[in-house]
Protein chains: 2
Amino acid sequence: MEARRDVFQAIADPTRRAIIGMIAQQPVNVNTIAEKFDVSRQAISLHLKILAECGLLNIQQQGRERYCEARLDKLNEVHEWVAQYHKLWTGRLAALKQFVEQVELQPTSKKKNKPNHKSKK
Amino acid sequence: MEARRDVFQAIADPTRRAIIGMIAQQPVNVNTIAEKFDVSRQAISLHLKILAECGLLNIQQQGRERYCEARLDKLNEVHEWVAQYHKLWTGRLAALKQFVEQVELQPTSKKKNKPNHKSKK
DNA sequence: TATATACGCAAGTATTTGCTTGCGCAAATT
DNA sequence: AATTTGCGCAAGCAAATACTTGCGTATATA
């Protein structure tokens with residue numbers, strides 16, 4: 001146990017993503033977070049621990065309460081990983097669009113019957 | 001088994017991320033992929049199955065070979081999820097930077113020496 | 001046609017999750 | 001001082017992972 005613990009792994013769980021969303025704007029204490037879910041406080045506590053272990057979360061003790069603060073910048077690893085592919089696939093879409101437009105403009109096209117020609121808006 | 005199967009879950013595994021990287025540019029067949037890793041072909045096959053199940057992968061049979069083609073646009077869900085927080089945290093950084101600069105420009109400031117002021121290009 | 005190749009389909013196992021319940025302790029509240 | 005509240009620690013458990021090995025089956029190739 002306690003094996004791999006990286007950001008990708010951390011955000012794989014929907015509950016943990018929800019937690020991040022909940023504390024993205026301002027720190028929230030453990031019990032307040034736990035109340036929003038229908039699992040036990042311990043379960044949430046464990047999720048928080050996992051998030052904290054990979055740096056996505058800071059915990060500040062305040063009296064008997066513990067406030068969880070999101071460290072969104074730690075999502076950068078994910079952002080960069082996805083962004084490279086995002087560029088790739090949007091680039092392809094752009095190229096495809098351009099290609100289609102170019103073909104449509106060809107005056108040499110044989111196809112004269114195009115009953116339902118989908119026009120671009 | 002066969003429970004949750006979403007994109008976040010799929011990319012949580014480093015092997016699967018590596019597979020995506022391997023086929024992002026052009027389709028590759030199963031055995032070629034498997035050879036790059038030091039786990040069994042079956043293990044890779046299962047990873048491919050998982051990727052295919054959540055749409056990140058298309059498989060085209062060609063003779064006895066199966067070519068795996070990446071569907072990068074299916075990463076959009078992840079991209080959007082991260083992007084919202086990316087905006088948040090970069091926005092905060094920008095605000096912080098602006099704040100610091102503003103403070104530095106205060107005429108009441110005692111600090112007159114700013115040798116390496118980083119100018120924006 | 002015999003054989004090698006490119007897979008898929010289990011079955012079996014060790015580890016890792018995700019969750020629960022019970023206990024304990026320190027900081028607020030009464 | 002007694003009680004409530006906030007939360008960690010730990011044991012226990014079902015389910016999911018990530019692999020492996022063995023077997024079966026098309027499709028190429030010799």
Side-chain angles (χ1 to χ4, degrees), chain A residues 1-23 26-71 78, chain B residues 1-23 26-71 78:
Chain A
M1 48 182 87
E2 291 284 328
R4 201 187 337 123
R5 195 121 297 176
D6 60 84
V7 180
F8 285 94
Q9 171 75 10
I11 65 168
D13 188 275
T15 303
R16 289 196 286 268
R17 288 200 298 279
I19 290 176
I20 290 175
M22 194 172 298
I23 64 174
Q26 79 290 117
V28 181
N29 69 309
V30 177
N31 269 359
T32 306
I33 295 172
E35 280 164 14
K36 307 287 183 175
F37 298 90
D38 52 358
V39 295
S40 71
R41 177 180 56 80
Q42 311 298 346
I44 296 299
S45 223
L46 209 152
H47 283 307
L48 294 175
K49 196 178 170 193
I50 290 172
L51 289 170
E53 271 171 19
C54 66
L56 278 166
L57 202 66
N58 268 349
I59 297 183
Q60 306 156 215
Q61 187 100 23
Q62 250 174 60
R64 64 182 167 184
E65 286 171 290
R66 294 177 146 232
Y67 281 83
C68 304
E69 179 186 27
R71 285 291 310 275
V78 182
Chain B
M1 51 181 89
E2 290 285 327
R4 201 185 340 122
R5 195 122 295 177
D6 60 85
V7 180
F8 285 93
Q9 171 74 11
I11 65 168
D13 189 275
T15 303
R16 289 197 285 269
R17 288 201 299 280
I19 290 176
I20 290 176
M22 196 173 298
I23 65 175
Q26 79 289 116
V28 181
N29 69 310
V30 177
N31 268 0
T32 306
I33 295 172
E35 281 164 12
K36 306 286 183 177
F37 299 90
D38 51 0
V39 294
S40 72
R41 178 180 56 80
Q42 311 298 346
I44 296 299
S45 224
L46 209 153
H47 284 306
L48 293 175
K49 196 178 169 193
I50 290 172
L51 289 171
E53 270 171 20
C54 66
L56 279 166
L57 203 66
N58 267 349
I59 297 182
Q60 306 155 216
Q61 186 101 24
Q62 251 175 59
R64 65 183 165 181
E65 286 171 290
R66 295 177 147 232
Y67 280 83
C68 304
E69 178 186 28
R71 285 291 310 275
V78 182

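Chain A is the first sequence line, chain B the second, and so forth, proteins listed ahead of strands; every chain is numbered from 1.
- Not one N or O on the side chain of B:R16 forms a donor-acceptor pair closer than 3.5 Å with the backbone of B:I11.
- In this structure, B:H47 atom NE2 and C:dG8 atom P are separated by 14 Å, rounded to whole Å.
- Looking at heavy atoms from C-beta onward, A:C54 lies out of side-chain contact with A:D6 at the 4.5 angstrom threshold.
- With contacts defined as side-chain heavy-atom distances shorter than 4.5 Å, the pair B:H47/B:I19 qualifies.
- One atom, CZ of A:F8, and another, C1' of C:dT16, lie 20 Å apart when rounded to the nearest Å.
- Minimum atom distance to the side chain of A:Q42 is reached by D:dG8, of the listed D:dG8, D:dC19, D:dT17.
- For the atom pair CG (A:N58) and CD1 (A:I23), the distance works out to 9.0 Å, reported to the nearest 0.5 Å.
- Remark: B:Q61 engages B:R66 in a side-chain hydrogen bond (donor to acceptor under 3.5 Å, both in side chains) (not counting sequence neighbours).
- Ranking D:dG8, C:dG18, C:dC19 by closeness to the A:A43 side chain, first place goes to C:dC19.
- Side-chain proximity of B:S45 to C:dG8, C:dG18, D:dC7: nearest is C:dG8.
- Atom-to-atom, CG of A:D6 to C1' of C:dT17 comes out at 15 Å; the value is rounded to the nearest Å.
- For the pair A:R66 and D:dG8, the criterion of a side-chain N or O lying under 4.0 Å from OP1 or OP2 is met.
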Under 4.0 Å protein heavy-atom contacts per nucleotide of nucleotides 25-30 of chain C, with B for base, S for backbone only and - for none: --BS--
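- Using a 4.0 Å cutoff on non-hydrogen atoms, the parts of residues 30-40 of chain B near DNA chain C are B:V30, B:N31, ordered by number.
- In this structure, A:L48 CG and A:Q42 CD are separated by 11.0 Å, a value rounded to the nearest 0.5 Å.
- Here D:dG8 presents its P atom at 12 Å from CD1 of A:I44, a figure rounded to the nearest Å.
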